[in-house]
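Below is one structure, written out as structure tokens, with a few remarks after it.
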Amino acid sequence: MNHTFDLMKRLSLVAMSGEGVLQPLAVWIVDNRDRFPDMSLSQVATTVDVSETTVFRLAKTLGFSGFREMRMAMAELRGVATGHRLKDQIANVDSSDPYSAIVKNTVNVHTSNLRTTAQLIDLGGLQKAVTALQNAKAVHVFGFGSSAAPVMDLYQRLVRFGYVTSQYSDPHVLTAVTSNPPHGSLFLAISYSGQSKDVVDGLRSASKQGLQSILITSNINSSASEFADIVLQSAPSGALVGSESVASRVSQLAIIDMICTALALEHPRKNEFLRNANALEEEIEMKRVHKSEQPATYSKTEG
């Protein structure tokens with residue numbers, strides 16, 4: 001059986017929400033996935049400071065017959081990723097220049113994160129999310145802290161599609177809305193950890209009132225996931241569990257892009273949306289300052 005396709009999905013699940021010694025082991029493998037296939041069972045156990053039995057347990061938890069099969073799947077995953085990296089390698093980047101290295105490494109991290117997002121995303125869940133948004137009378141998007149930026153992005157895009165949409169980054173205002181929401185409301189939350197109390201409370205309140213909800217999170221076994229009808233998994237940032245990075249927000253924004261692209265392609269009013277979008281672009285263009293309208297450059301010879 002080929003476990004490679006969804007290996008990162010299962011591995012990231014253990015890394016984000018596993019228990020005991022399996023969790024830090026899974027985190028280490030996620031962060032060292034290129035190095036792992038070249039190591040023996042004993043080398044992995046020694047490096048991570050766990051027993052060989054623990055490494056074998058993780059392999060079984062991930063659905064493999066043993067460590068060897070897991071290592072082969074990781075090697076195949078590394079080969080695919082390496083091929084993509086070589087194909088997309090940045091031209092004329094001097095690795096001896098620290099700033100060139102920063103550019104190259106940053107792009108590689110985000111590229112890898114986006115590929116992981118493609119492996120983790122549940123296509124059935126994505127389709128259900130799009131359908132739920134299409135049928136909603138009002139959409140309430142919320143998230144706090146670093147998730148506030150993706151929330152604002154989704155809010156603005158849904159508004160441009162013509163949906164009745166509101167966005168919340170204040171938990172007190174969200175509480176007021178979830179206590180008395182408009183009929184046919186849909187709540188969409190974005191939370192990296194899925195453990196934010198305000199996010200959990202918002203989804204719990206929506207669930208109690210029988211309202212549909214969607215959650216974008218890197219931790220599909222989180223407390224917030226228990227109250228969401230549809231959960232879309234974004235890629236973990238790597239590094240330590242619970243930490244966030246720009247890469248994690250890139251994954252969230254990629255999922256938002258998937259949702260909005262599907263809405264544009266599948267919505268029965270897509271032609272109307274396209275006309276409205278063109279009209280909006282024309283209005284925005286009128287608000288731009290064109291070169292011919294800029295004030296003349298001040299000259300020292302004048303005055």
Side-chain angles (χ1 to χ4, degrees), residues 1-85 109 111-126 192-195 215-226 228 230-245 247-248 251 254-255:
M1 179 180 180
N2 187 355
H3 297 283
T4 306
F5 180 75
D6 63 343
L7 173 55
M8 282 303 299
K9 183 173 185 177
R10 288 176 283 125
L11 190 58
S12 65
L13 178 60
V14 178
M16 288 295 298
S17 57
E19 298 180 355
V21 292
L22 293 185
Q23 184 181 44
L25 175 58
V27 171
W28 184 88
I29 294 176
V30 169
D31 290 343
N32 297 273
R33 50 186 176 271
D34 287 345
R35 176 184 173 192
F36 177 83
D38 298 324
M39 301 175 69
S40 66
L41 175 60
S42 60
Q43 287 175 324
V44 173
T46 301
T47 302
V48 191
D49 194 22
V50 296
S51 68
E52 294 184 11
T53 301
T54 299
V55 181
F56 183 78
R57 279 179 52 207
L58 177 61
K60 297 290 286 185
T61 298
L62 296 174
F64 298 103
S65 60
F67 174 78
R68 184 174 181 179
E69 186 181 5
M70 177 183 174
R71 187 172 65 176
M72 290 176 61
M74 290 294 293
E76 184 177 347
L77 191 65
R78 181 180 64 180
V80 172
T82 301
H84 285 305
R85 283 198 296 269
V109 167
T111 301
S112 175
N113 189 271
L114 287 172
R115 292 197 178 100
T116 301
T117 303
Q119 293 174 331
L120 296 177
I121 197 69
D122 176 7
L123 298 181
L126 180 63
Y192 173 76
S193 68
Q195 295 297 114
L215 172 66
I216 299 175
T217 181
S218 290
N219 186 1
I220 59 174
N221 277 354
S222 63
S223 299
S225 300
E226 297 179 13
I230 303 166
V231 180
L232 300 176
Q233 186 177 8
S234 57
S237 61
L240 299 176
V241 171
S243 66
E244 297 180 63
S245 69
S248 65
S251 178
I255 293 175

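Hydrogens, waters and symmetry mates are skipped; everything else that's a heavy atom, side chains included, is used. All values reported here derive from a predicted model rather than from experimental measurement.
In terms of modelled atom types and a separation under 3.5 Å, the side chain of S223 and the main chain of Q195 share no donor-acceptor contact. The closest donor-acceptor contact from the side chain of S218 to the backbone of S193 lies at 3.5 Å or more, if one exists at all.
Inter-residue side-chain proximity for L58 and V50 is flagged as unmet; no heavy-atom pair is nearer than 4.5 Å. Between V44 and R71, the closest side-chain pair of non-hydrogen atoms is not below 4.5 Å. With contacts defined as side-chain heavy-atom distances shorter than 4.5 Å, the pair T47/W28 qualifies. Put simply, the side chain of M39 does not reach to within 4.5 Å of the side chain of N32, judged on heavy atoms. At least one side-chain heavy atom of F36 sits under 4.5 Å from a side-chain heavy atom of M70.
The two atoms that bring L120 and S234 nearest to each other are CD1-O, 3.7 Å, heavy atoms only. Looking at every heavy atom in both residues, A15 comes nearest to V27 through O-CG2, 3.6 Å. Looking at every heavy atom in both residues, A254 comes nearest to L114 through CB-CD2, 3.6 Å. For the pair V14 and Q23, the tightest heavy-atom approach, listed with the atom from each and the gap, is O-CG, 3.7 Å. Pairing each heavy atom of F67 with each of A59, the nearest pair is N-CB, 4.0 Å. The two residues L25 and V55 make their nearest non-hydrogen contact at CD2-CA, 3.7 Å.
Residues passing the side-chain contact (heavy atoms from CB on, under 4.5 Å) test with S225 are L215, T217, S222, V231, sequence neighbours excluded. Residues passing the side chain to side chain donor-acceptor pair (under 3.5 Å) test with Q43, sequence neighbours excluded: S40.
Rounded to the nearest 0.5 angstrom, Q233 CD and I216 CD1 are separated by 12.0 Å. Within the model, atoms CD of E69 and NZ of K60 stand 9.0 Å from one another, a figure rounded to the nearest 0.5 Å. Between the CD1 atom in I255 and the CD1 atom in I121 there is a gap of 4.0 Å [rounded to 0.5 Å]. One finds the CD atom of E52 at 7.0 Å from the OG1 atom of T46 (value rounded to the nearest 0.5 Å).
Counted within 6.0 Å of CG on D49, heavy atoms from surrounding residues, nucleotides or ligands total 12 or fewer; the atom is thus considered open.
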